[in-house]
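Please read these numbers as outputs of a predicted model, since none were measured by experiment. Sequence lines set the chain letters: A, B, ... in the order given, protein chains first and strands last, and positions in each chain run from 1.
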Amino acid sequence: MTMLVNAVSATDITPEGSDYETVRRVIEMITNDYREQPSLETIAERLGQSPTQLQKVFTRWAGLSPKAFLQAVTLDHAKRLLGQERLPLLETSFEVGLSGPGRLHDLFVTHEAMSPGEWKARGGGLTIRYGFHPSPFGLALVMITERGLAGLAFADLGGERACYEDMAQRWPNATYVEDSAATAPYAAHIFDPGKWSCEQPLRVVLIGTDFQVRVWESLLKIPLGKAVTYSDLARDIGQPTASRAVGAAVGRNPISFVVPCHRALGKSGALTGYHWGLTRKRAMLGWEAAQMS
DNA sequence: TACGCAAACCGTA
DNA sequence: TACGGTTTGCGTA
């Protein structure tokens with residue numbers, strides 16, 4: 001009700017919020033059948049849409065043509081995101097982010113972690129309000145506590161129930177209250193790059209194991225348009241040989257997108273996995289590529 | 001170069 | 001104990 005429809009930007013979402021569904025299928029097609037390099041025409045045909053219509057939807061979503069998008073998610077580009085040198089630490093990225101003159105917007109976040117005791121309670125004594133909202137990556141499930149955003153997940157068409165359960169079981173002892181009026185402002189803020197600013201940072205609360213929280217904090221240091229490997233993260237938290245455990249922790253990240261787990265790649269530059277579907281990881285990377293230009 | 005495969009690595013449930 | 005959103009090394013096209 002309180003959603004304002006003023007500034008129209010490239011990231012605005014259709015009323016039905018269904019752009020992503022189309023986009024998702026396009027991405028799947030061009031990545032699955034990349035060998036044959038399907039043309040816009042053939043893709044459109046398979047989707048039962050006109051090429052111009054498809055082009056329009058895709059570009060509205062990403063600010064990028066399907067062709068340019070495909071380029072943005074190739075292995076070659078992924079390697080560029082990783083950067084030449086594996087050594088430069090993530091430590092300074094916040095600093096750079098705040099003062100760098102040429103830097104494009106990124107979502108600013110202040111975070112706090114739950115104490116180990118609170119974690120052991122498995123959410124006991126915690127009230128979590130939640131709601132579903134359309135987003136550039138499909139229907140988003142937003143979960144908040146008094147201390148800030150605690151969870152963000154994505155549902156495929158009709159998968160809302162599964163999505164909710166996936167999240168709710170992480171903190172089984174919490175009390176859950178449906179309250180999309182309360183969560184709506186969060187969704188609006190997160191998915192509108194125009195609202196990202198360091199004056200109005202997003203409050204986030206990390207609920208997890210000590211190890212997991214350290215990994216997630218590392219993820220938060222990756223700037224927009226950059227990527228790191230799992231072993232980079234392992235080194236950053238001071239356990240250089242734990243890259244595999246890091247991978248598991250990254251996979252358990254409850255605040256998808258905001259804690260940019262999609263910016264973690266395999267050492268080869270390959271997209272190794274994503275809890276909410278590899279296609280969505282590709283979508284996020286491509287979408288971010290467009291934000292940069 | 002590009003894979004396939006096995007072995008070492010480590011925090012969770 | 002088993003199981004991953006990993007890596008690395010080594011052998012084969």
Side-chain angles (χ1 to χ4, degrees), chain A residues 24 27-28 31-32 34-35 73-90 113-124 137-138 141 150-156 159 162-163 165-174 206-222 226-288:
Chain A
R24 184 179 66 81
I27 296 173
E28 257 167 16
T31 52
N32 289 341
Y34 70 100
R35 281 176 201 287
V73 290
T74 53
L75 196 61
D76 194 49
H77 183 261
K79 285 178 185 162
R80 209 168 315 143
L81 292 187
L82 287 175
Q84 306 293 17
E85 344 74 52
R86 297 261 49 82
L87 294 172
L89 286 317
L90 310 154
M114 292 237 142
S115 69
E118 289 173 308
W119 159 245
K120 274 192 237 119
R122 309 277 294 162
F137 309 105
L141 171 56
L152 177 57
F154 297 96
D156 282 316
C163 178
E165 268 158 22
D166 182 306
M167 290 305 288
Q169 74 176 11
R170 297 172 189 233
W171 311 295
N173 299 331
L206 270 17
I207 314 177
T209 317
D210 177 63
F211 181 81
Q212 289 170 334
V213 169
R214 268 155 51 216
V215 171
W216 300 337
E217 285 175 334
S218 267
L219 285 171
L220 279 171
K221 294 194 260 178
I222 313 172
K226 284 283 183 189
V228 298
T229 66
Y230 299 96
S231 52
D232 286 336
L233 293 168
R235 191 181 38 233
D236 191 55
I237 63 171
Q239 288 178 78
T241 55
S243 50
R244 187 144 199 194
V246 165
V250 171
R252 294 297 293 165
N253 165 32
I255 318 181
S256 169
F257 185 70
V258 170
V259 175
C261 54
H262 54 283
R263 297 186 194 144
L265 311 177
K267 193 153 239 177
S268 66
L271 279 60
T272 41
Y274 193 70
H275 188 74
W276 306 106
L278 223 46
T279 302
R280 205 169 325 253
K281 186 168 180 174
R282 260 187 276 272
M284 289 179 181
L285 256 10
W287 187 80
E288 289 191 341

Walking DNA chain B from its 5' end, the first of A/A248 and A/R244 to be reached, judged by nearest nucleotide, is A/R244
Could you give the distance from CE (A/M167) to CD1 (A/I255), rounded to the nearest 0.5 Å? 8.0 Å
Does anything in residues 250-260 of chain A come within less than 4.0 Å of DNA chain B? Heavy atoms only, and list the residues if so. none
Verify salt bridge (charged side-chain N to carboxylate O under 4.0 Å, His left out) between A/R24 and A/E28, making sure each step is shown before the conclusion. CA-CA 6 Å; A/R24 184 179 66 81; A/E28 257 167 16; 3.1 Å; yes
Under the salt bridge (charged side-chain N to carboxylate O under 4.0 Å, His left out) rule, collect the residues that match up with A/R214, sequence neighbours excluded. A/D210
Distance check, rounded to the nearest 0.5 Å: A/D166 atom CG versus A/H275 atom NE2? 3.5 Å
To the closest 0.5 Å, what do you measure between CG (A/D236) and OG (A/S231)? 11.5 Å
Using atom CD1 of A/I237 as one end and atom C1' of B/dC9 as the other, report the distance to the nearest whole Å. 13 Å
Could you tell me whether A/Y274 contacts a base, only the sugar-phosphate backbone, or nothing, with contacts defined as non-hydrogen atoms closer than 4.0 Å? base
Without decimals, in angstroms, what is the distance between A/L233 CG and B/dG11 P? 15 Å
Does A/A264 reach a base, just sugar-phosphate, or nothing at all? Heavy atoms under 4.0 Å. base
Residues in side chain to side chain donor-acceptor pair (under 3.5 Å) with A/E288, at least two apart? A/H262, A/R263
Sort by first number and list every stem of DNA chain B: at least 3 consecutive Watson-Crick or G-U wobble pairs, both distances under 3.5 Å. B:1-8 with C:6-13, B:10-13 with C:1-4
Between CZ of A/F154 and CH2 of A/W276, what distance do you get to the nearest 0.5 Å? 9.0 Å
Rounded to the nearest 0.5 Å, what separation is found between the CD1 atom of A/I237 and the CD atom of A/Q212? 11.0 Å
Taking only the side-chain nitrogens and oxygens of A/Q239, find out if one of them lies under 4.0 Å from OP1 or OP2 of B/dG11. yes
Here the gap from A/L265 atom CG to A/L75 atom CG, rounded to the nearest 0.5 Å, amounts to 9.5 Å
Residue whose nearest DNA chain B nucleotide is more 5′ - A/R122 or A/A242: A/A242
Report the C-alpha separation of A/L271 and A/L285 in whole Å, then their side-chain angles, then the decisive distance to 0.1 Å, and conclude whether the side chain to side chain contact (heavy atoms under 4.5 Å, CB included) test is met. CA-CA 10 Å; A/L271 279 60; A/L285 256 10; 4.1 Å; yes
Qualifying side chain to side chain donor-acceptor pair (under 3.5 Å) pairs with a residue from residues 237-249 of chain A, counting only residues at least two apart or across chains: none
Under 4.0 Å from a heavy atom of chain A: give me the 5'-most and 3'-most nucleotides of DNA chain C that qualify. C/dG4 to C/dT8
